[in-house]
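Each ligand, and each atom within it, is numbered from 1 in the order the structure gives.
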Amino acid sequence: MSNTAEIKVGGQSYELPVIEGSEQEQAIDISALRGQSGVITIDPGFKNTGSTTSAITFLDGEKGILRYRGYSIEDLAEKSNFLEVSFLLIYGHLPSNEEYTRFVDSITKHTLVHEDVKKILEGFPSTAHPMGVLSSLVCAQTAFYPESLDPNRSADEVDMSIIRLIAKMPTFAAWSYKNQIGQPVNYPDNKQNYTANFLKMMFANPAEAYEVDPVVANALDKLLILHADHEQNCSTATVRVVGSSHASMYASISAGINALWGPLHGGANQAVIEMLENIKKDGGDTKKWMAKAKDKNDPFRLMGFGHRVYKNFDPRAKIIKKAADDVLEKLGVKDPVLDIAKGLEEEALRDPYFVERKLYPNVDFYSGIIYRALGIPTDMFTVMFAMGRLPGWIAQWKEMRENKEPIGRPRQVYTGANERSYVGMDER
Ligand code: ACO
């Protein structure tokens with residue numbers, strides 16, 4: 001294939017370079033097009049626009065492939081653990097024994113948050129959604145570590161911010177839940193591993209002893225791995241764009257958390273369970289809800305179905321479906337909502353509307369069912385996703401800064417009024 005592309009605008013031809021990725025993906029580099037021709041390209045929702053080159057995650061939506069730094073998601077979910085995957089994403093290679101120990105030890109050392117964080121937390125009413133609390137607490141780290149605002153810090157100083165954020169994220173997440181239910185917060189227990197520590201902070205209370213079930217901790221660890229990165233999705237693109245202005249890592253990731261919150265992105269896991277519960281309450285007639293999803297006059301969509309890039313299947317959904325079966329069996333949980341989910345999936349997979357549009361269950365279709373079985377309340381689901389996505393956001397932010405990427409600033413095609421004169425209030 002030629003390594004240039006030709007674009008004709010108003011009879012004039014322009015030759016543009018075509019760049020190739022390490023998996024032979026081709027992209028026309030249009031960055032010089034406006035300078036040469038005066039025209040821009042338009043692509044609402046960036047459906048066909050690459051915003052960057054990246055060496056972190058490879059995703060082939062047609063073939064259902066997902067790899068972090070070259071390692072398949074199937075291998076990592078089965079053989080690795082969340083902190084090892086975090087190191088891999090952020091630093092680009094699997095850690096040696098020594099690197100891994102140092103990484104885990106420093107994360108464990110920094111789990112405690114400044115005591116004044118409690119005061120910020122107490123300022124939130126119990127009606128606050130934990131995602132809003134989480135993004136606020138992450139951004140508030142800029143106040144406790146003002147040196148993190150300096151865009152020209154050394155790599156060691158950046159590493160310190162990274163360690164602090166990974167270490168404190170479970171504390172923020174668990175505390176956002178405690179605030180909601182009006183219980184005192186639990187301090188981290190550094191004798192526990194990353195996920196067990198989170199579960200203990202989330203579920204222990206002064207009235208009852210809480211023992212972390214290893215089945216629950218392992219299932220959660222696997223879910224975090226599956227969510228750890230997903231190349232240039234809505235929240236990651238947000239992190240990179242915010243960071244491109246040289247805003248701090250904490251501010252950039254706080255923005256990413258807010259982007260993740262929406263039901264078309266990470267908020268889908270909460271929306272899936274709410275949908276399944278509504279279907280159950282309504283008598284469990286999946287056909288009726290399928291018809292609603294297909295009706296263009298009805299705003300209802302089958303939550304947990306469809307994906308911007310997976311037009312075959314979401315490989316994470318396959319792993320999660322199996323994990324959901326395992327966890328439910330091991331914990332002895334019978335969840336009628338799972339039967340509704342399975343029924344909906346079966347119907348959708350043979351329904352021409354879904355087949356023609358290549359709408360398959362995505363990662364969030366089954367993750368909510370596992371979270372429920374693990375005892376995690378519905379509006380904490382997206383917080384779980386944020387905990388999982390954190391190393392991906394950090395890796396992407398770090399890559400963007402190290403590559404010295406320019407500020408993200410899209411253009412537009414203006415469709416408003418042409419120039420007109422101001423008319424005073426009395427004359428209107
Ligand atoms: N239910 C019913 N119809 C759907 C669904 C759905 N879940 N998803 C897409 N469609 C239809 C659209 O109506 C559209 O139909 P049309 O061609 O007749 O107009 C067609 O499929 C293409 O859909 P788009 O919205 O154009 O696809 P896009 O790539 O922009 O959106 C998205 C992807 C947002 C994920 C969409 O499929 C959706 O809303 N799904 C439900 C929400 C969800 O599960 N989000 C989680 C995504 S995974 C993640 O963020 C971790």
Colleague: Polar contacts were defined as any N/O atom of the residue lying under 3.5 Å from an N/O atom of the ligand; does this apply to L359 and ligand 1?
Modeller: no
Colleague: Would you check if the side chain of S244 reaches a backbone N or O of G408 as a donor-acceptor pair within less than 3.5 Å?
Modeller: yes
Colleague: Among protein heavy atoms, which lies nearest atom 48 (S) of ligand 1, and at what distance?
Modeller: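 Sorting protein heavy atoms by distance from atom 48 (S) of ligand 1 puts H307 CD2, 3.5 Å first.
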Colleague: Kindly indicate, with the supporting measurements, whether the criterion ring pair (Phe, Tyr, Trp, His ring centres under 6.0 Å) is fulfilled by H93 and Y71.
Modeller: CA-CA 10 Å; H93 62 275; Y71 298 98; over 10 Å; no
Colleague: Compute the minimum heavy-atom distance from F365 to ligand 1 and say whether it is under 4.0 Å.
Modeller: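 Outside the 4.0 Å threshold, so no.
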Colleague: Does the side chain of N81 pick up a donor-acceptor pair with the side chain of Y100 at under 3.5 Å?
Modeller: yes
Colleague: So for ligand 1, is L302 a polar contact partner (N or O within less than 3.5 Å, distance only)?
Modeller: yes
Colleague: With a cut-off of 4.0 Å, which atoms of ligand 1 are near a heavy atom of A268?
Modeller: 43 (C), 44 (O), 45 (N), 46 (C)
Colleague: Which is closest to atom 42 (C) of ligand 1 in terms of heavy atoms, R301, H230, H265, M303?
Modeller: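 Looking at heavy atoms only, M303 sits closest to atom 42 (C) of ligand 1.
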Colleague: When you look for heavy atoms under 4.0 Å from ligand 1, do you find them on the side chain of K47, its backbone, both, or neither?
Modeller: side chain
Colleague: Mind checking whether R308 has an N or O less than 3.5 Å away from an N or O of ligand 1?
Modeller: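 Indeed, backbone or side chain, R308 has an N or O that close.
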Colleague: Between D60 and E62 (side chain of the first, backbone of the second, donor and acceptor by atom type, cut-off under 3.5 Å), is there such a pair?
Modeller: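 Checking the backbone N and O of E62 against the side chain of D60, a donor-acceptor pair under 3.5 Å is found.
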Colleague: Specify the protein heavy atom at minimum distance from atom 35 (C) of ligand 1: its residue, its atom name, and the distance to 0.1 Å.
Modeller: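 For atom 35 (C) of ligand 1, the nearest protein heavy atom comes out as G306 O, 3.7 Å.
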Colleague: Should one rank F305, F300, Y353 by closest heavy-atom distance to atom 3 (N) of ligand 1, which comes out on top?
Modeller: Y353
Colleague: Just to be sure I read this right, does ligand 1 sit under 4.0 Å from the backbone of D364, its side chain, both, or neither, counting only heavy atoms?
Modeller: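 Side chain only.
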Colleague: What do we get for D314 next to ligand 1 when only non-hydrogen atoms under 4.0 Å count, side chain, backbone, both or neither?
Modeller: neither
Colleague: Which ligand 1 atoms does A293 reach within 4.0 Å, using its non-hydrogen atoms?
Modeller: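 With A293 as reference, the close atoms of ligand 1 come out as 2 (C).
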Colleague: Would you say the side chains of Y91 and D159 form a donor-acceptor pair under 3.5 Å?
Modeller: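 Short answer, yes.
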Colleague: Please write down residue, atom name and distance for the protein heavy atom closest to atom 45 (N) of ligand 1.
Modeller: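 I find the closest protein heavy atom is L264 O, 3.1 Å.
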Colleague: Do side-chain atoms of D29 reach the backbone of V18 as a donor and acceptor pair under 3.5 angstrom?
Modeller: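 Not at all, since once roles are kept as given, no pair shorter than 3.5 Å links the two residues.
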Colleague: Has K318 got its NZ or CZ under 6.0 Å from the middle of the six-membered ring of F313, at an angle within 45 degrees of the ring axis?
Modeller: yes
Colleague: Let me know which of M249, M160, R164, R153 forms a side chain to side chain contact (heavy atoms under 4.5 Å, CB included) with S148.
Modeller: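 Of all the options given, the one that passes is R153.
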Colleague: Test of understanding: given a 4.0 Å heavy-atom threshold, classify the contact between R357 and ligand 1 as side chain, backbone, both, or neither.
Modeller: side chain
Colleague: Less than 3.5 Å apart, any donor N or O on the side chain of Q396 or D229 sitting next to an acceptor on the other?
Modeller: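 Checked: Q396/D229 side chains pair up, N/O donor to acceptor below 3.5 Å.
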Colleague: On the ring face of W175, is K178 found with NZ or CZ under 6.0 Å from the centre and within 45° of the axis?
Modeller: no
Colleague: Backbone, side chain, both or neither: what part of F385 comes under 4.0 angstrom of ligand 1, heavy atoms only?
Modeller: side chain
Colleague: Counting distance only, does the side-chain N/O of E405 pair as donor-acceptor with the main-chain N or O of T52 below 3.5 Å?
Modeller: no
Colleague: Can you tell me how the ring of H230 sits relative to the ring of Y310, calling it parallel under 30°, perpendicular over 60° and tilted otherwise?
Modeller: tilted
Colleague: Please classify the N362 to ligand 1 contact at 4.0 Å (heavy-atom distances, strictly less than): side chain, backbone, both or neither.
Modeller: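 It is the side chain that touches ligand 1; the backbone stays farther off.
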Colleague: Check whether any N or O atom of G304, backbone or side chain, sits under 3.5 Å from an N or O atom of ligand 1, and answer yes or no.
Modeller: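 There is such a contact, yes.
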Colleague: Side chain, backbone, both or neither: which part of K296 comes within less than 4.0 Å of ligand 1 when only heavy atoms are counted?
Modeller: side chain
